[in-house]
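Below you'll find the structure, written out as structure tokens, and then a few comments.
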Amino acid sequence: MSTYLIRNVSILGAEPTDLLLADGVVAGIGSALEGDGAEVVDGTGLIALPGLVDLHTHLREPGREDAETVETGTRAAALGGFTAVHAMANTDPVADTAGVVEQVWRLGREAGHCDVYPVGAVTVGLQGEKLAELGAMADSAARVRVFSDDGKCVHDPVLMRRALEYVKAFDGVVAQHAQEPRLTENAQMNEGELSGRLGLAGWPAVAEEAIIARDCLLAEHVGSRLHVCHVSTAGSVRIVRDAKARGVDVTAEACPHHLLLTDERATTYDPIFKVNPPLRTAADAEALRAGLADGTIDIVATDHAPHPHEDKDCEWAAAAFGMLGLETALSIVQETMVDTGLLDWAGVAERLSYAPARIGRVADHGQPIEQGAPANVVLYDPSVRRVVDATESASLSRNTPYAGMELPGRVVATFLRGRPTVLDGKLV
Amino acid sequence: MNRHLLSAGDLTRDDAELILRTAAELRSLADRPIKKLPALRGRTVVNLFFEDSTRTRISFEAAAKRLSADVINFSAKGSSLSKGESLKDTALTLEAMGADAVVIRHGASGAPYRLAHSGWVHSSVVNAGDGTHEHPTQALLDAFTLWRHLGVGGGLDGRRIAIVGDVLHSRVARSNALLLRTLGAEVTLVAPPTLFPVGVDTWPVETSYDLDAVLPKADAVMMLRVQRERMNGGFFPTAREYSRRYGLDGRRMATLQDHTIVMHPGPMVRGMEITADVADSNRSVIVEQVTNGVAVRMAVLYLLLGGATPGSSAGGDE
Amino acid sequence: MCAPPAPEGSSTPTSSTPTPAAAAAPPGRVVLDAHDIARALSRISHEILERNKGADDLVLLGIPSRGVPLAHRIAERIAAVEGEAVPVGSLDITMYRDDLRMKPARALLPTEIPAGGVDGKTVVLVDDVLFSGRTIRAALDALGDIGRPRAVRLAVLVDRGHRELPIRADFVGKNLPTSLVERVRVTLAGIDDEDAVTIHGPAVPEVTE
């Protein structure tokens, strides 16, 4: 296994130092390190972060290999600085059995661009009717700890209660897609002044907040831990904040697009901006940033959702929900959180690496860059700016809402257990 | 005026008045022996209807033909449109056929906007009703009808127009609210609270839940169609209760000012939002609205297509 | 979106567009003043009566915009002589123009056909300036869609020559030899400040599309 000596790199924004990666671990940190035979990487001007961990990725395999495969999705992940991703369960067949999650897990290992941790479905076929074999998935080779019907809400309160209770046996967590189905029938965009003007069926904030509030009370009642996917409204942030203050074991994620974009984008009727939950108002984005800064929102998760061109090159109502996110996540966090002074690089490491690894119970990721830690490291250049070009994405799909936008920063290198998956900004 | 007509909100007052003045000239064509003008000779207008609307399609067809355009009707019924073939594929087909204008009716809000801005076609796009968004030519014909009855000598400035009914799902209400405001009228939307969209307070209109309070002050009352299906969504308890609170009947009509006119974009649900005696009364301009529809659509097609094609000399997309 | 259609006489045969601002610019040389115009219209009125052997079945149609007030003035003079009103109307030719596609869509001007219609009547088309003849060609097409007159005659205040079609005027206020680079401008009280016909030299730089 090759050895890498990164010269003069700033770990989490601290004073520049040398960083030696050898035998899959961090073998040395200090000035003027010797690395016999090591490949030397000039880290001048670069930030070293622990390998990013995404708790919310759609890799689409099995079933929609025309949109993404484990191979292409993990390439995109590596280019975005991720060393681990959680693959959501809404595949076809649904990841609701040990067989499917093991298949996804194995495909991830074979691809080798980052570690793939399958998420198990909470209910059979995401139908919201009966629990899937959560224990079997937990005991499988994939060692599933995160369970989610993402894309659909576990809206039956009894089922949700049982799921929250049941996963305690193997320290699992239910990641809820909070969307009250009756309040969002045929919903197309955030309900507000704009939805009324554009004639698009509204998606009220309360449809998200009501489920989050209920689930926080359920988690409190049964003493389970709860994770809330893609929090998108100011009201949701408030509810999570209150629950945490009461001691409820709840964690929450925000997506890059909800931090950066607002419902104004819908005025183009371009469904590249159609996403679930929908883009909200500027005030909501502001509240998400504040919540992420003060720790109410624990993590940033991408909700990377590839879709083939034809599912987006159509009228709004006919289009699929979702947008790409892996390759732009860190840049958007820099733009919205770091460059605005809301978060330092240590805070970024916490929210994009340590915390998601903790929530997903992923032992080998999300550890500080310290002597002996697994050598999962990202080198990031925050000083450059780039214009996003959709055609350059490693994803099979092109549905990035940021095409043509100028974003700060660039992932220069990603190391997975000491092995580079990305060098000079390119896949190895 | 843009090369497309997608939203009534895109029209400036000058644009709107130009369309109305042009329509006024064109309306007299109906009284002439030869109801045809040569202005769009050699132009092709495609009526692309993804939703059934015989009256709107016929109105556009008559308008285009009276201007000597070639008309191609392309409707969802009995074609591959309803399922399978996408808006995009259809658009590419029309583009290949050399359509100069596409008049589109679609169930999805924003579909005309997409058609105009996606690069699929280079023709002018006219929104003939999209989802619950807008129906700008309906608003123009309503404004034209109001103008003829109320605008003598001074346009619609300060005129009070009540629009009553299912505002939430009504593209007619949206377009009328925008256009009538542009023309200086004061619009009051009247509906039960469940049939107002969220954010209606930011629209340039007044709102009311009380029809009886609004009627005596109105110069025109526009009744919107209320689909009985809305009851299933629980927007109101029963058709009977809706009619009692928001229907226009003889008793309510008696509270109107002498000059006040009654309008309806059609098709009417007699007995639901409007009673037969009101619809057939001499205040009703409902039949005239249909006549005016052809004139207004002629004006729109003429102004969009009659002159030089924008971009044709530049040779590029805008 | 559209400039008002320029009176034919004031535009060169190419696609230059005299805007109101340009028209208001240098004064130009006056070739007919209010007095001359009044006299010319009186003479035209008499000639029409003479040619028509009275005012029976006569219909005057002015071509907007300045042909319309001219038609009304002629009608007043005929009425003064004959003691009965002659039907007057206007005939917009915008949609019949052969250069419709060369500029953005133009606003329509009023077409008002007198109640008796034009079938079997002697229609006198009235315009301010006769130039290429294209306006009159369009007017004949427009008239054909409205009815079938027994005869169509043409009265113009000024004939400046340079015909591009086989069209001639029956009644001419003044023949005015001009150069193609010159522009003839008719102003009429009611639309403009005063009655006048002026010639503007080539010095006026024109905006050509």
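Letters A, B, ... are given to chains in the order of the sequence lines, protein chains preceding strands, and every chain is numbered from 1.
Atom CZ of A/Arg214 sits in a crowded spot, with more than 12 heavy atoms from other residues, nucleotides or ligands closer than 6.0 Å. The neighbour count for B/Glu206 CD, taken as heavy atoms of other residues, nucleotides or ligands under 6.0 Å away, does not exceed 12. Within a 6.0 Å sphere centred on CZ of A/Arg238, heavy atoms belonging to other residues, nucleotides or ligands number 12 at most.
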Would B/Val198 and A/Glu193 count as a side-chain contact (heavy atoms from CB on, under 4.5 Å) here? Give the steps. CA-CA 6 Å; B/Val198 164; A/Glu193 184 262 329; over 6 Å; no

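Among all heavy-atom pairs drawn from A/Lys312 and B/Arg114, the shortest one is O-NH2, 3.3 Å. Taking each heavy atom of A/Glu315 and B/Ala108 in turn, the nearest pair found is CG-CB, 3.8 Å.
For chain A, no part of B/His169 is nearby; none of its heavy atoms comes within less than 4.5 Å.
Summarising the geometry, atom OG1 belonging to B/Thr132 is positioned 9.5 Å from atom CD belonging to A/Gln188; distances are rounded to the nearest 0.5 Å. We find the OH-CG distance between A/Tyr269 and B/Asp130 to be 6.0 Å, quoted to the nearest 0.5 Å.
Ranked by heavy-atom pairs under 4.5 Å with chain A, the list B/Glu134, B/His106, B/His133 is led by B/His133. Note on B/Ser109, B/Pro197, B/Gly199: by heavy-atom pairs under 4.5 Å with chain A, the leading option is B/Ser109.
Of the possible polar contacts, none joining the A/Arg197 side chain to the B/Trp203 backbone as a donor-acceptor pair under 3.5 Å is found.
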